2 protein chains.
Amino acid sequence: MGKKGYHHGDLRGALLDAAEELVRERGAAGWSLREASARVGVSPSAAYHHFGSRDALVRALSVRVLTRLGERMAQAAASGKDPRGSLVAACRAYVRWTLADPAVARLAFAAPARDPDATIAPHPHDVIDAELDRLAEAGELGPEARPAAEFAVWAAVHGVATLLADGLMRLDTEEAAGEQTERVVEALLTGLRQERGRTWPTPHSTHTERRARDRG
Amino acid sequence: MGKKGYHHGDLRGALLDAAEELVRERGAAGWSLREASARVGVSPSAAYHHFGSRDALVRALSVRVLTRLGERMAQAAASGKDPRGSLVAACRAYVRWTLADPAVARLAFAAPARDPDATIAPHPHDVIDAELDRLAEAGELGPEARPAAEFAVWAAVHGVATLLADGLMRLDTEEAAGEQTERVVEALLTGLRQERGRTWPTPHSTHTERRARDRG
DNA sequence: ACAGGATCTTAACAGCGTTCAGATAAGTGG
DNA sequence: CCACTTATCTGAACGCTGTTAAGATCCTGT
């Protein structure tokens, strides 16, 4: 089906499915490779023909779900009427996705994808970056405030998402989380737009860096 | 010393020390209870007279380091000249602390302290909350913008810290992280101050909630 | 049809968290 | 100073974990 068609069909994909399901049921760390293998109906060592280690399976899962997050964000952004609404919509999608499956999100954010050919497209960072470009083109963000703004916005949204996902803070409804996200992003944009005469160090997206190093 | 003085003296504290050291050396999950026990010079089962499980040890460690974080923030805030400078100083301390030991910070933020008598004082959330109160008293934050502002500020700072600690983004110097923290907080405050006529759902600090439930 | 390689199984390894019965040391009341 | 209680730690054992190696099985290309 997906990869090749020998004994199982697509064991790699099936293991990722099983692992994701287990993470959803028992938390980011409350499952084992053996359990995922058993759920697929295969021996534990079979997994090692598709992943170098349990950790590699976790990283691959992270890549898969982060890609889905990027797609949701891009989709949400496309439905916005103006640039500002698009950015806010993308950010709301980020938080909505995180809270829909907090354990999966935690695993995804914590697993550093060191795999050189692990491509996340579109990466959440890049969606925010692109939306800020549109905002700048529309004149809603000055040229002196644009640099490093993607770091500021991503950080703010990521903070809302992780604070809620890790249970450090709590909101009563899902809609409340969306409203708070909107508030933070809107306020941040307002503040950034009014900045005057200061430059900021350049932040680097590690995912973009890894991709670039792979090409070069 | 700390607790009691039988065979070891303060095995509980020594185990926390060893665990923290191991987290620093090998990452949040790259160590075992047996290893910490061996480092202290004690059998693995000895730990179970002080912690109900490995997870309980992790939660206790989280409480200990988060308390230190709160103290650092309060200390930094006290050194600020005006309310705004104090809040920014506390936020810079938050990020500085996180980046000084990213693995310890990750463990601390991820471990939910369900222990009823586990008190973190001052809790990072409360430091930010108190500084925002001072800001509001000084008239630098309107009464319509104050509610839920502690959630917005904590989220923004937490996002900066975790994005960098988890390696999702990278900055070249430690000072750059401080500057970006300042930028995000300042811009957010500017934006919040200009909000008009909108109310926000009330966020709850889970740590404060647990404390309150314990008293009642 | 057959060779070769990818795929999966079985068996085994050390290490893990956790439990439990027993040894040892510290505190307590006479 | 003694017995007695209680907290503290040890040693051995349990099932489970990630990982590896050797061998069986199936697919594919020629």
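The structure displayed is predicted, hence computed values, not measured ones. The figures here come from the full heavy-atom set of this structure, side chains too, leaving out hydrogens, waters and symmetry mates. To find a chain, count down the sequence lines: A is the first, B the second, and so on, and within it residues start at 1.
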Contact list for DNA chain C against residues 17-31 of chain A - heavy-atom distance below 4.0 Å = none
H49(A) has an atom NE2; how far is it from atom C1' of dG23(D), in whole Å?
-> 11 Å
Which part of the nucleic acid, if any, lies within contact of S32(A), taking any heavy atom under 4.0 Å across all strands shown: a base, the sugar-phosphate backbone alone, or nothing?
-> sugar-phosphate
Pair E175(A) + R92(A), salt bridge at N-O below 4.0 Å = yes
To the side chain of S53(B), which of dT18(C), dT10(C), dT10(D) is closest?
-> dT18(C)
Using the ring of W31(A) (Phe, Tyr or Trp, six-membered ring only), decide whether R24(A) places NZ or CZ under 6.0 Å from its centre and within 45 degrees of its axis.
-> no
According to a strict under-4.0 Å criterion, is H50(B) in side-chain N/O contact with OP1 or OP2 of dC9(D)?
-> yes
Which listed nucleotide (dC8(C), dT9(C), dT17(D)) is nearest to the side chain of L11(A)?
-> dC8(C)
Separation of Y48(B) atom OH from dT8(D) atom P, in whole Å?
-> 17 Å
Are D101(A) and R106(A) ion-paired here, with the side-chain N under 4.0 Å from a carboxylate O?
-> no
By nearest nucleotide on DNA chain C, pick out whichever of G41(A) and L33(B) is the more 5' one.
-> G41(A)
Indicate, with a heavy-atom threshold strictly under 4.0 Å, whether R34(B) touches base, sugar-phosphate, or nothing.
-> base
Candidate pair L168(B) and H207(A), rule side chain to side chain contact (heavy atoms under 4.5 Å, CB included), full reasoning | CA-CA 7 Å; L168(B) 295 172; H207(A) 178 258; over 6 Å; no
Nearest-0.5 Å distance, NE2 of residue H204(B) to CG of residue D172(A) = 4.0 Å
In whole angstrom, give the distance that lies between atom CZ of F51(B) and atom C1' of dT19(C).
-> 18 Å
Let me know the distance between CZ of R12(B) and C1' of dA7(D), rounded to the nearest Å.
-> 16 Å
Between CG of D10(B) and P of dT8(D) the distance, given in whole Å, is 11 Å
Against the side chain of P44(A), the closest entry in dT17(D), dT19(C), dT19(D) is dT19(D)
salt_bridge(E35(B), R39(B)) N-O dist < 4.0 Å = no
Give the rounded distance in Å between these two atoms: CG of L15(A) and P of dT19(D).
-> 13 Å
Output the distance between atom CD1 (I128(B)) and atom CE (M73(B)), rounded to the nearest 0.5 Å.
-> 4.0 Å
